[in-house]
Structures are given as structure tokens and as C-alpha cells.
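Note that the structure is a prediction, hence the values are computed from the model and not measured. Chain naming here is simple, since letters A, B, ... match the order of the sequence lines and numbering starts at 1 in each.
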Amino acid sequence: MAIPYNHREVESKWQSVWDEEKAFGTSEDHTKPKYYALVEFPYPSGDGLHVGHPRPYTALDIVARKRRMQGYNVLYPMGWDAFGLPTENYAIKHHIHPRIVTKNNVARFKSQLHSLGYSFDWDREVNTTDTDYYKWTQWIFLKLFKAGLAYKAEMPINWCTSCKVGLANEEVVNGVCERCGSEVIRKVKSQWMLKITEYADKLIQGLDTVDYIERVKISQKNWIGKSTGAEVDFSITGKEDRLRIYTTRPDTLFGATYMVVSPEHPMIEKYRAEIRNYDALAAYREQAAKKSDFERTELAKDKTGVQIDGLTATNPVNGRKIPIWVSDYVLMTYGTGAIMAVPAHDERDWEFAKKFGLPIIEVVAGSPVSVQEQVFTDVATGTLVNSEFLDGLSVADAKKKIIAFLEEKGIGQSKTNYKLRDWVFSRQRYWGEPIPIVICEKCGFVPLEESELPLMLPEVESYEPTDNGESPLAAMEGWVNTTCPHCGGPAKRETDTMPQWAGSSWYFLRYTDPHNDKALASKEALEYWMPVDWYNGGMEHTTLHLLYSRFWHRFLYDNGVVPCPEPYQKRTSHGMILGLNPHNLQNLAEDEREELLKAHGGEQGARKALRDKFGEMADHPVVKMSKSLGNVVNPDDIVMEYGADTLRTYEMFIGAFDLSAAWSEDGVKGCRRFLERVWKLQDMLAEGEGYSADLETRMHQTIKKVSNDYENLKYNTAIAAMMSLINEFNKKNAVTRGEYRTFLTLLNPVAPHITEELWQAAGFEGRLYQAKWPDYDEAKTVEAQVEIGVQVNGKLRATISVPRDEDKDRIIQAAKEALGDKLSGNVVKEIYVPGRLVNIVAK
RNA sequence: GCGGGUAUGGCGGAAUAGGCAGACGCAAGGGACUUAAAAUCCCUCGGGGGCGACUCCGUGCCGGUUCAAGUCCGGCUACCCGCACCA
């Protein structure tokens, strides 16, 4: 009898061996086929690893380990996205330098990851806060600046009142700060911006060349929000000036019955003298400005507005005079900040027109109901009417014709717009990459020389953000005051720092050549390793990190720095790991639940009581893990009690990889039991390097299934197949050495420690991590004898066992015999699906 | 409102390309072993009816296509995630 399975001994033993043997480094032999597997590097927070982290890390560790065994030169790296607010806030609170905080957190994360047995190549570890690293982040910024893609602009930004920092649009969630949940207000500040909008089209087109899961592509496209239409100039009655609008429906131009400009539109100030109700407009504008973005959209249902008294516009195609209104449903930040309103064919315009009694003119016929009753927006079926030379045309044709007309007359042209905004790139914070720009009174913004990089973060007394919105760096006079690299005169340094997204926008490039001090990575390394073959990460990064990094990468490609236009060949996303909600009725302790049920007269009352106490969230049996709910599971505890192999197996077995799944400790136990059964296989080991006759088909099937499932995110069914196989061994109480060898190899990527130990104990040659991945023979995956179902009129009535390649007639004959007197009436049709079933249709 | 996703036993979830629904695991019940418990092993485990071989019903709801539908088509409902007045 073998000794009992002691996971602690086994796991620490093999982790040391792998370290000593440098088991998972990459080969310098660049003639070997490469495979670059990547997971998002974590932010090393003070809380340590969460059970959510191992899900993606294990998934790609499986792929990396399998690919190595298949002979690929695999790069599977890990690093730290270590700049960021929480570290800075922790530093402020505890008066510890953020560098020290980072160092401690990284050490903790690293030991946790190590204890999980990941095959990361630690020689390639990167850290965004290292000067050798952020030197190149700054270098890329300078390139962007020199290309005119980085600029400073006075603009209203999203300002987090608690973090005291400007946020990108992507970082504002439901009107509050994504990170701290505090209120976000608009504040006008001078900010560094990156012109991601210039890359909008390339970012959309690039999606056609890569293998991303569909919902990621769709989210990115929606976020970029490309729309094509036209800009049209309306004249302002009695003025030389034109009012330019943007529309996606130029075909409805004849149906414009009024115009709307945004409350911030400059024409209001420009024509202040002529406007008779300026005070009312100013009051409206003030009211609109006070609304946060959140309120503005919350109140979307109820349209408000004020007509400009004293100005009218003229429709350029029919000369009709129409009123101009001001309303906050028109945004200054999109299009031209002004629209033509066609209430008959636009939902918002229709609502507004109904509320303020404005005329509604139908110009696209085809609605079953009058446009006075209901808006008609269908572009596929309508036909133009009341539109002079457009009458009778389809919407698509009318668009073409009117745009040609506008362009010919010089009153408009086709135009593409995007929802995507430029990226707010500065943060008024200490713990980030300094922006390598000097502000000279004479020369303006001057980039540092490349040789000056890295521009290091200075040591400061206090990291506190300031209420006036300046970075803590601004108080460091000795650092701020410098000379202009261009004219040598007195100048000041930029004191804002870069956002956390900067370092993570190119880290995958650094992994290919992490110690290079001449370039961000050598051409040779980039040529060999890029693009990343498979990148897995959270859905929440789809419109942030993923888009930003594609933008940087594409820019670097356009500038000859990297060899491929897209950084990631394949992108997948994992689901979250959720915890039980302690405030949900079904999760209460039994006595507590009984009591509540009694007190509130049954289930409905009890649920309502919980909802009143804890809010709507009480309705959900499973929720995100959070410290405040006390439902967080620490992976260290699981590793300690059950082992890393069990944790890895469980997280892969928990359910479909891309869906969220609820943590269950009972499920963990089930996986532990599975590994215990694996451990016991060594007691039933039988001679024979091949497969036993009765299991040969099964072995080939399992190799095929596991190999495919590992590559297709179907880890749960791969593990199920191995569980089934072990049940077969148990039934016979025997496993040949050949079967054992294959089994251990298949399981190794999921549970690397236990399998390595058993491999050694069985006396197989070398190390399992270096073994060859087993092959299967397609011909041997099909069974010679198959069970097929026999149906009568589609209902199962019997099963028969037949040789797989038996001919149809004989099978049908056998089926009929098996049915006996269950078959009555006239046989109308006989259907045979090879290897599956026979269906006899009888009347 | 728009976009995307999901819905299968007590639970997590399986089910190539329309072909035997419920693999695998958990929980539960029964049994073996044990002085006992834990662990382990064996059996049962969607629902109804029948002593029984069997039989009827069953994949969120309503309809359809088909010899055959969890899977395809049309129409809904509920929940989850994004976006949200983008003209």
C-alpha cells in the first residue's frame, strides 16, 4: 500500500524541483515553433490573491503546460501592474512609501502564485513601477507626443471628489468613480489627452483580423460607436452665419421642423444681443450644468428645453423657417452640438415635439400608424414622400442622392462620427509614471530628450492629493523647476502623472525581452514572439485596457516599432467566481431562517424583511465576494487544507469557463476525492506498456477529448472525462503502466504536482513536465460494437448492440426483432442514423 | 430604450452538425466496514402510475417545421452583464 496522499509535502517538493531545474524557462532556439500564452497581470493589492485570480491563471497554465509537452517553445509570463491609487492611498494612511507597499504586496502575491504551482517564467517578471520599465512607457509617450497624438486641452473632465483625480469616461460607472464609488463631478482642467479617436477606424477594422470571442468584438465596436451620416449647414435667418448640424438621416431633411442646440452651444453667447430671452437660456444652461451626467441620463425620459426667442433657422433645401430650441438632450460633445429635429422619424425628436407642440411632418411613408400617433424609424421599408426630388426613393437611395445634392451645393457633406472620446491621460497623483514634458514659457510643451529617460519619480514628503487639483509633485519646487531642453531657459516640469492604464498598454511586449536596456524589446524577440497567441482576461477590461493596448500597439506598428498590427491573436474571457450572499433567505443558518419565517408569516414576508434591511441585493442567492459581506474565500486556506492541485482542479471543474460560477466548498471536497482516487491508482498498477484491449478505444477517446477540450475552454468536461476514465480503472481494479502513463500525462496540466510525484514513484523516465503529450489514433476512437436506440415514431422502445459497420438492412432487421410485438401497424418509413439509432415510423 | 448573454433534477452542470436528455461532480437516502465516528467502498437518486416486465409526462412559456427538437423557425417571459438622449 502506498503512503497516504500528503499534498503539502508533494507540492512543496515539486515546486522546489521546478525552481531548481528552471523548468519553465523559454528556449533561445527560435527555430522551434513558439506559443505565447498571456493572462492579465494583476494589480498587487494589499488584500492578496482572491479565488477569482486562479481561474484564468490555471486555464492558461493548462494550455502552456500542454503546449510545452507538444514541443512548443512556450512563453507564459507574469508581472505586476503596480502603479495605482489603492497603493497610494494605503501609503498615505500608513505613512509608508508606496514603493515599499508595492514591494511587500508583490512579495505576497508572488509567493501565493508560487504555491499554486504555475509554470510562469519568473526570469521574465516585469513590474510597471520599475524605472527600467517605465523608462519605456515614457518613451512611448514621447513618440505619441511627437506624432501629435498627445496634447493638452482645457476641458471638462470627470473629477472624483474623493480620489481628487480626473477619470477617463471609461472609469466612471453610473456617475460614480469606478474605484471608490464616490460622486464624480465635471471640472474644467487642463489635461493631457491621447488621440485614440484618430485610431477609431483602425481599431474597428483590426477586429476582423483576430480571433476574439464575439461579445468582446461587439462591445468594442459599440464602444467606438461609429456612425455615418452628413453634416448640413442651416442658415440663421438674417445672418451670414450658418448653424452646422450632424445627422445620420440626411434623407429626412425635408421633415426638419425645428432645430435643437446643446445648452453649451457657442451661438448662444455669440448672439446674446439678439436673443430676447437670454436670461431664461442662461438659467437653463446653469441648471443643466448642475446635473451630473448620471442625473442627466436618469432624467432622460422627461424632455426639457427652452426656445431661443429672436433667432430662427432656414432649412437649406426648402427655405422653410424653423425655430431653434435649446435642450440638454443634445450633447455638446458629440457631432456639432446641434441637430435638426425630424420628429416624425426620430424617437427623441418625436417626444420633444409632442411635449412642446411642434409640428410633425412625415417624409418617409410606410408606417401602419400616423406619425402624429407614433414615431416611424424603420429604414428598411420606408419610401420618401413630401421631399420633392427625393420622393419615391428608398431611405438608402435618398441618403445617397441628398448627400450628393448637399455636396454639389456646398451646404453639407458626408461625415463619420464616433462615440469614442479621446483618452484623458493625466492624473493628479504621485504614484504613476511622470510625464516627460517640460513647460517652457518661450517654447511651450517640450519633450525630454530620450537620453534623459527615465524621468524618475522624486521622493516627496507627502503623497496627499491637493484640493486645488494639483499633483503632489507640484509642491516639489526643486524637481519642478528645470531648464528647457530646447532653449535652455527656465521651465517647469509637468507635474501630472500617467494613469494606471499606461504601463499595462504594452507590458506584453516587454515580456519578450524584459532586460533590454537599448529598446523596449529587440526586433528579433518581437518578431519571434509576437503576436500573443492567446490572451485571456476579464470582460471588464474590454473597453479599457484591451482597447487602450490595441491602440498603443497599432500606433507602434505604424511607427515600425512592432512587427504586427494587432497585439493579440486570440482573446477569451473568464467568468467571475461568486460567493454566497449571507443576507439571502436560503443561505441563512437554519435556525435563523426558521425564526424569520415565523416572525414574518412565511417566505414572502421573510424575503421582504430581508430586502427592507439589506436592499434589493438580498434577493440574490449568489453575489460578488466582498469584504463587507464576509463571503471572501482566501485561496491560501484552500491550498493549505486541500492543496493547490485540488484548488486548480476545482476551479476548472466549477462550470463553463466563460460564465460566472458560485464557490462551493463541497465542490472542492469532491475534487479532492478525485485526486485521492488518482493517488490510489498506484496500488492497482499492472504490467503492460500498452492499453488493455477492453479500454483501448476509451483511452484514445479520452486523449482526443481532453486534448481538444483544453484548447477550447472546456476544462470542466475534460476533467469529467478523466473522472470517468478513473471509474473504469476502479471497476477493473487495474490500470496498465501504459494507461497510467497516459492518464498522468493528461491530468498533469491541471494537477501538476500530484501527477509529477506519481510519475516518479512509478519509475517512469525523466520528469513528467518534459514528457511527450500522448497521441491518439482517430480510427481507434470509434467503437467496434455500438449500442443504438430503437425508436417507434420517435419514441425509444428498445436498445440493441450491433457491430458499428453492420449494414443498414440487417440493423433494421435486428431492431424489428428487438421490438417484437411493440411494433404494430404498417411501417411507413425506416430511418437509420449510423451508430446512433433506428427510428421506425408506423401507422 | 439599445446591444449581448442565460434559462436543463434538490444543487453545480453534460449532451459534435437536429438523433437514446440528465455525462461528471455535489447534496440526500440506504447498506457494508467500525465498539463508535470520520474516511473508504457498494446501491438508489427528474416526476407520476404499476407487484412487475413496463408505461405516461418532462429541458422557462405559447405556437410551428421534422420520422425525430434542449438543439431549428416565429412569438413571448424572467434574470444577469454592458451601454445609455451619440442625432
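For the pair A:Lys399 NZ and B:A87 C1', the interatomic distance rounds to 12 Å; values are reported in whole Å. Between A:Leu331 atom CG and B:C85 atom C1' the separation is 6 Å, expressed in whole Å. Residue A:Asp251 contributes atom CG, which lies 13 Å from atom C1' of B:A87 at whole-angstrom precision. Distance CE (A:Met340) to P (B:A87): 12 Å, rounded to an integer number of Å. Rounded to whole Å, atom P of B:C54 lies 11 Å from atom CG of A:Leu796. When the P atom of B:A87 is taken as reference, atom CG of A:Asp328 falls 17 Å away, rounded to whole Å. With rounding to whole Å, A:Lys419 atom NZ is found 11 Å from B:C85 atom C1'. Computed from coordinates, the A:Lys355 NZ to B:C85 P distance equals 17 Å when rounded to whole Å.
With sequence neighbours left out, A:Tyr650 forms a ring pair (Phe, Tyr, Trp, His ring centres under 6.0 Å) with A:Trp663. Every residue meeting the salt bridge (Lys or Arg N to Asp or Glu O under 4.0 Å) condition with A:Glu778, not counting sequence neighbours, appears here in chain and number order: A:Lys704. By the side-chain hydrogen bond (donor to acceptor under 3.5 Å, both in side chains) test, A:Lys732 is found to be paired with A:Ser692, A:Asp694, residues two or more places apart in sequence or in another chain being considered. Under the salt bridge (Lys or Arg N to Asp or Glu O under 4.0 Å) criterion, A:Lys226 pairs with A:Asp201, sequence neighbours left out. Listed by chain and residue number, A:His7, A:Glu676 satisfy the side-chain hydrogen bond (donor to acceptor under 3.5 Å, both in side chains) test with A:Arg672 (two or more places apart in sequence, or in another chain). A:Thr542 pairs by the side-chain hydrogen bond (donor to acceptor under 3.5 Å, both in side chains) definition with nothing, not counting sequence neighbours. With sequence neighbours excluded, the residues forming a side-chain hydrogen bond (donor to acceptor under 3.5 Å, both in side chains) with A:Tyr334 are A:Ser227, listed by chain and number.
Set against B:A27, B:G19, B:A87, the side chain of A:Leu837 has B:G19 as its closest nucleotide. Minimum atom distance to the side chain of A:Asp666 is reached by B:A27, of the listed B:C56, B:A27, B:C83. Listed nucleotides: B:U55, B:C24, B:A87. Nearest to the side chain of A:Ser724: B:C24. When the nucleotides B:C20, B:U55, B:G25 are ranked by their closest atom to the side chain of A:Thr799, B:C20 comes out on top.
Salt-bridge annotation for A:Glu830 and A:Lys808: absent, with no side-chain N of the basic residue lying under 4.0 Å from a carboxylate O of the acidic one.
For the C1' atoms, the distance from B:A69 to B:U8 is 14 Å, rounded to whole Å. Between B:U35 and B:G25, the distance separating the two C1' atoms is 34 Å to the nearest Å. Straight-line distance between the P atoms of B:G18 and B:U71: roughly 11 Å, to the nearest whole Å. Taking atom C1' in both B:C72 and B:A17, the straight-line distance is 12 Å, to the nearest Å. Nucleotides B:G22 and B:U59 have their C1' atoms positioned 9 Å apart, rounded to a whole Å. Taking the P atom of each, B:G9 and B:C61 are spaced 10 Å apart, rounded to whole Å. Rounded to whole Å, the separation between the C1' atoms of B:G52 and B:C41 comes to 31 Å. Taking atom P in both B:G46 and B:C24, one finds a spacing of 13 Å when rounded to whole Å.
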Counting primed atoms, P, OP1 and OP2 as sugar-phosphate and everything else as base, the B/S/- map of nucleotides 1-17 of chain B against protein heavy atoms under 4.0 Å is --SS-------BSSSB-

Encode nucleotides 38-48 of chain B as B, S and - characters from 5' to 3', where the letter depends on protein heavy atoms closer than 4.0 Å: B to the base, S only to sugar-phosphate, - to neither.
--SS-------

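Side-chain contact of A:Asp349 with A:Tyr329: a donor-acceptor pair under 3.5 Å is present, judged by distance alone.
For the residue pair A:Met539 and A:Ser573, the shortest heavy atom distance occurs at N-OG, 3.4 Å. The two residues A:Met625 and A:Leu578 make their nearest non-hydrogen contact at CE-O, 3.7 Å.
In this entry the base of B:G12 is anti relative to its sugar, with a glycosidic angle more than 90° from 0.
At the heavy-atom level, A:Gly335 lies nowhere under 4.0 Å from the strands shown. Contact annotation for A:Glu214: no contact, since no heavy-atom pair falls under 4.0 Å across all strands. Across all strands shown, A:Asn727 has heavy atoms under 4.0 Å from sugar-phosphate atoms exclusively, and none from any base. At the heavy-atom level, A:Thr247 lies under 4.0 Å from the strands shown only through sugar-phosphate atoms. When heavy atoms are screened at a 4.0 angstrom cut-off, A:Thr542 is found touching no nucleic acid atom at all. Nucleic acid contact class of A:Lys795 (heavy atoms, under 4.0 Å, all strands): sugar-phosphate only.
Within a 6.0 Å sphere centred on NZ of A:Lys624, heavy atoms belonging to other residues, nucleotides or ligands number 12 at most. Summarising the local packing, CD of A:Glu347 is surrounded by 12 or fewer heavy atoms from other residues, nucleotides or ligands at distances under 6.0 Å.
Aromatic rings of A:Tyr258 and A:Phe352 (six-membered ring for Trp) have centroids within the 6.0 Å cut-off, being under it.
Within the structure, the salt bridge (Lys or Arg N to Asp or Glu O under 4.0 Å) test picks out no pair touching residues 575-588 of chain A (sequence neighbours left out).
Remark: RNA chain B takes part in the stems B:1-7 with B:77-83, B:10-12 with B:24-26, B:28-32 with B:40-44, B:46-49 with B:54-57, B:60-64 with B:72-76, each of 3 or more antiparallel Watson-Crick or G-U pairs, criterion distances under 3.5 Å.
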List the steps, then state whether salt bridge (charged side-chain N to carboxylate O under 4.0 Å, His left out) holds for A:Glu651 with A:Arg55.
CA-CA 6 Å; A:Glu651 294 218 9; A:Arg55 198 180 194 192; 5.7 Å; no

Are any protein N/O atoms closer than 3.5 Å to N/O atoms in nucleotides 63-68 of chain B? If there are, list each pair with its distance.
{"residue": "B:C67", "atom": "O2'", "partner": "A:Asn839", "partner atom": "ND2", "Å": "3.4"}
{"residue": "B:C67", "atom": "O2", "partner": "A:Asn839", "partner atom": "ND2", "Å": "2.5"}

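Using a 4.0 Å cut-off, some side-chain N or O of A:Tyr334 falls inside it from OP1 or OP2 of B:A87.
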